[in-house]
Amino acid sequence: MNLLESISERYRKPCLSAFLLWGLGAWWMLVAGLPVNKPTHLRSGFKLETVSKSEGAFLFLNPDTSITHQMNLLYSSEGEPLLYYAAINTPVCIDGICKPVLVEMYWDLLGDYVGYGEYPNQPLTKYDHDPFLSEDHEKLHGLLLDRNSILDRKSLDDLYDLRGVSQDKIAYNGVEIDGISGATKKEITASIVSGALYSCYRLWYLAHGDASRKIRENLPAIYSDTLARQFLRSGQSTYRYYAVRQMEGADFADFAPVMNVFEEGNPLVRKHILKKLPDSLLQQSDIYGPLYEMFPDLDNGSKTLLLKKLPLAPAAAPPLSDHLIEMSRNQLLIYLKQLAKSGGQLPPEVRDNLEEAAQNPDFIYAYLIQDFLIP
Amino acid sequence: MNQFLFLFLLALFPVTVFGQQDFLLEAESFPTPGGWLTDQQFVEQMGSSYLIAHGSGQPVQDASAEIKLSEKGLYHVWARTKNWVPGNWEAPGRFLIEINGKSLSNELGLSPGWGWEYAGSIKNRGKTLRISLRDLTGFDGRCDAIYFSQDREAVLPDGGEALAEWRKEKDGSPEAPETNKAYDLVVTGGGISGCAAAMAAAERGLRVALIHDRPVLGGNASSEIRVHTLGIYGKFARLLKLIDTEKYPNGHPDAIKDQQKRDDNMASFPNIDLYLNWRAYDAVSADNQIRHVDARHTRTNERIRFSAPLYVDATGDGWIGYWAGAEFSYGRESVDTYGEEWDKWGEVWSPEEADNAVMGSSILFQTRVAEKPVAFPEVPWAAPVAGEHAAVAGEWYWEFTRDDLHQIDDAEEIRDHLLRAIYGSYANAKKLPENANYAIDWVGYLVGKRESRRLVGDHIFTFNDVRNNTPFPDSVVQEIRAVDVHYQRNLLEEDTPDFLSEALFYRNGVYFIPYRSLYSKNISNLFMAGRNFSCSHIGLGGPRVMNTCGQMGAAVGFAASLCKKYGVGPRAIYEVHLKEYMQLIEDQQETQLPEKR
Ligand SMILES: Cc1cc2nc3c(=O)[nH]c(=O)nc-3n(C[C@H](O)[C@H](O)[C@H](O)COP(=O)(O)OP(=O)(O)OC[C@H]3O[C@@H](n4cnc5c(N)ncnc54)[C@H](O)[C@@H]3O)c2cc1C
């Protein structure tokens, strides 16, 4: 299909010079398998110093322009996949005037945007041609990091007229409202570089569209034991989450890295560790010990899961009686049920803790313990 | 019973006389509630409607009642109440009982969990006693009942079955309601879906009872919760525009204008008998057929048994189906149950294993900037929830759910958590000089729910019906809104307050809901409409908005009219009379609306 034809109505009146520039810029895509510039912004935890080589991975499409871009996979000095990289050269047009936007963009191995770099001679500019200030870059980077940005659900026309002026479509009697899609006008303006709506919009779609999906699809092909270990160690919650989800029973036997993730990870990662951890391992004191020791410091969901798993690690139950008042009602019920199940005499320290909590005038669920203690 | 009749009856009996040595005074039945509000939301969990002193930090006006105790001598007085935030601070919801203007000795609202607190004693000289509830804080003190007894050692059951039995014994009420009413259709729940069902059936000539547990109609759209209606109208714009709202920001006071519109329009349907302030508490079925629905007045505790050949469950919580033994689901299905994966969002969209992390409930609030600085009290009891979070405005994403909490069974805890989130965040914001002039105009106290029980129909509407834009022969509801499913932000960012959510949107053009998702699979005379229709967790994501719920209601109301015409149940409309039904839905668009009364 002819490129010009495929560009939507809005881009039909581009000025020739912009296209020339854009054509000139295209050679980057072909030759530069490696980034030319230092990235201006990278998500924390990612470094680019150690790149050893680049491999062409696939082409991806920008549906707005129908332009395809080359995606490259960068490798670390140890020869492991590190980041994906693409030199982007895309037209952004307003009122029929187009200018090319050139950036080098990076994705992690899960397809999440991680950063970009500028070409010194082709800085990002706003509608009025002023170059981006450093706070504009911060904002753009923040916007691109947001996978769930409002931009995903809005067409440009929904939000702004051609000059980038809000049409107040999302106001009621002059007051800002949300509800329509989950962000207020204030939030939208706060997340977009003022005067650069089009560039923001275009770059967000490049960062989160086809490119991201293809990277995700490519991951199983490059995933290895080494990468799995790196993911667990990475400090990136999405990497850790992916790694835990790929683990099968025996993989948990090397528990130290998993425990580390359990300590440092977010509640979602913890949930998956607890769900996937084989029962036979949870029955071992060197595994349930450190897990249950963390109980008071854990998020609510992990607490619930640990309590539900007590039948597998009954020896972990008595020390939890130190934390009765930190349990929600339903958690306490699970805990008491477990104590009842273990039968026989309660250990003295458990009984003491129960009695104390039962008498605690500030403990909202004291009555549950009183009921439990009455034979 | 309408409100006027109720007030009239109360006026006839200004003084309640009791001849026992003890007696029970239900707080919600106080003829003069003052600033105290009726809270009927948690009856199934804690046993009764109660009065709540919801003043956003300003103590509310006394509630009062007059009684006469026939036995002279010393009476002991207890209140059934709770400290709704026990902890190392002064209880937030403290109040006193006053008798003839004199306070009893003990402050109330101090003990954790619903139970009886001893208020003090009075000498009864046989005269009329004026009993008042004096709120001390404006922060949601609550009183369920007051008990007078000459026996200091009286044993008062705290809750559960024992309390229910004890109550029955004290008020001498019979096992079953003594008043019976028969209709063509009994609709329970007066949210947008229930209202639409009632209108559609009524205009086709059915005599309809609409049982609703609040004084105003609209559910989440009402002036008491203040969510604006979204979604398209499908074939039912004519009816739905009578009850919808403007697109104001959630929480906006213009909800009051739309409330008036809705109430006026609903009253113009001569075939609808509105039972406002009536809460259904049971639905009895035999041979998989509902025989009657029992309801209780949320203030007088009077009861009525409603019977009809057909019923609609529009309670949002699927109560009628639940009581009648209808199949229902709750929670998030595992991703494989219906194949609802969305690779981009994985677990936060649809979990690997089923769980209870449903979309949460919300409370909205409204502030304004006053001319002068406005003080706001210290609220140390809110800090554990709000943390450092500061805000002078809320929004839909102030939402609370947790895997270990049930949106019905734990609804009071959820509501209270949200109140702490609001008061705590607002108090933090008020410490900043720029917010000195902010004042609270309104804070909701009814939980705005998104998701709870979903009754199972012949078709379960899922994500795939949206993804595939599945056309059905019985497509009676249509929508173009994105599927919008929420998760709690702290799942991914642990330090975020637990009451903030994030929404994920999946847009895919127009999609349809078949009629078969709107009647119960196993209860042969039960329709459902609104957020408790037959769907999966993700399936609920798109059509749970109120115009769409309204479409479901209207579709059900018209189906009911054909059920009556042929003397059949809901399923036969699909199996035998579908052509006529679909034609009716087309044709009704031209029907003349009733004149406003
Ligand atoms: C904060 C928030 C924001 C939202 N945002 C939007 C939005 O912007 N637009 C939109 O359209 N939707 C929105 N929704 C979703 C929408 O409000 C609900 O899904 C919708 O209200 C469902 O309608 P319904 O008629 O099924 O239930 P409801 O509106 O909940 O109505 C059911 C009614 O039945 C009554 N009832 C329950 N049990 C009984 C009983 N036993 N006896 C008698 N009466 C009973 C209840 O009091 C209630 O009023 C939002 C929801 C929330 C909580």
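Below, chains carry the letters A, B, ... as their sequence lines are ordered, and counting in each starts from 1.
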If I take atom [atom1] from residue [X] and atom [atom2] from residue [Y], how far apart are they, to the nearest 0.5 angstrom?
X	Y	atom1	atom2	result
B/Y487	A/N148	OH	CG	6.0 Å
A/L268	B/L492	CG	CG	5.5 Å
B/D495	A/N266	CG	CG	10.5 Å
B/E347	A/R245	CD	CZ	5.5 Å
B/D403	A/N300	CG	CG	8.5 Å

*B/N88 and A/D362: side-chain donor and acceptor closer than 3.5 Å?*
no

*asked:* Taking A/R270 first and then B/E494, would you say they form a salt bridge - that is, a charged N and a carboxylate O separated by under 4.0 Å?
replied: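 Salt bridge between A/R270 and B/E494, a charged N being under 4.0 Å from a carboxylate O: yes.
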
*Inspect the contact between A/R329 and B/D404 and indicate whether a charged nitrogen and a carboxylate oxygen are less than 4.0 angstrom apart.*
no

For [X], which atoms come within 4.5 Å of any heavy atom of chain B: side chain, backbone, both, or neither?
X	answer
A/S237	neither
A/F363	backbone
A/H208	neither
A/N360	neither

Give a yes or no on this: more than 12 heavy atoms of other residues, nucleotides or ligands lie within 6.0 Å of atom [atom1] of [X].
X	atom1	value
B/I480	CD1	no
B/E161	CD	no
B/E90	CD	no
B/Q45	CD	yes

Is any side-chain heavy atom of [X] less than 4.5 Å from a side-chain heavy atom of [Y]?
X	Y	answer
B/D410	A/N330	yes
B/D343	A/E217	no
A/K275	B/E352	no

*For side chain to side chain contact (heavy atoms under 4.5 Å, CB included), just list the numbers for B/D355 and A/K271, CA-CA rounded to whole Å, side-chain angles, deciding distance to a tenth of an Å, and then say yes or no.*
CA-CA 11 Å; B/D355 64 23; A/K271 170 177 155 181; 3.2 Å; yes

*Do A/R213 side-chain atoms and B/K344 backbone N/O form a donor-acceptor pair below 3.5 Å?*
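Between the backbone of B/K344 and the side chain of A/R213 there is no qualifying donor-acceptor contact (under 3.5 Å).
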
*Compare every heavy atom of A/P361 with every heavy atom of B/P112, then report the nearest pair and how far apart it is.*
CG-O, 3.2 Å

_Closest contact, heavy atoms only, A/P267 versus B/N490_ =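 Taking every non-hydrogen atom into account, CG-O, 3.3 Å.
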
*Quick one: of A/A366, A/G301, A/S328, who has the most non-hydrogen atom pairs under 4.5 Å with chain B?*
A/S328

*Can you tell which part of B/D409 gets under 4.5 Å to a heavy atom of chain A, answering side chain, backbone, both or neither?*
neither

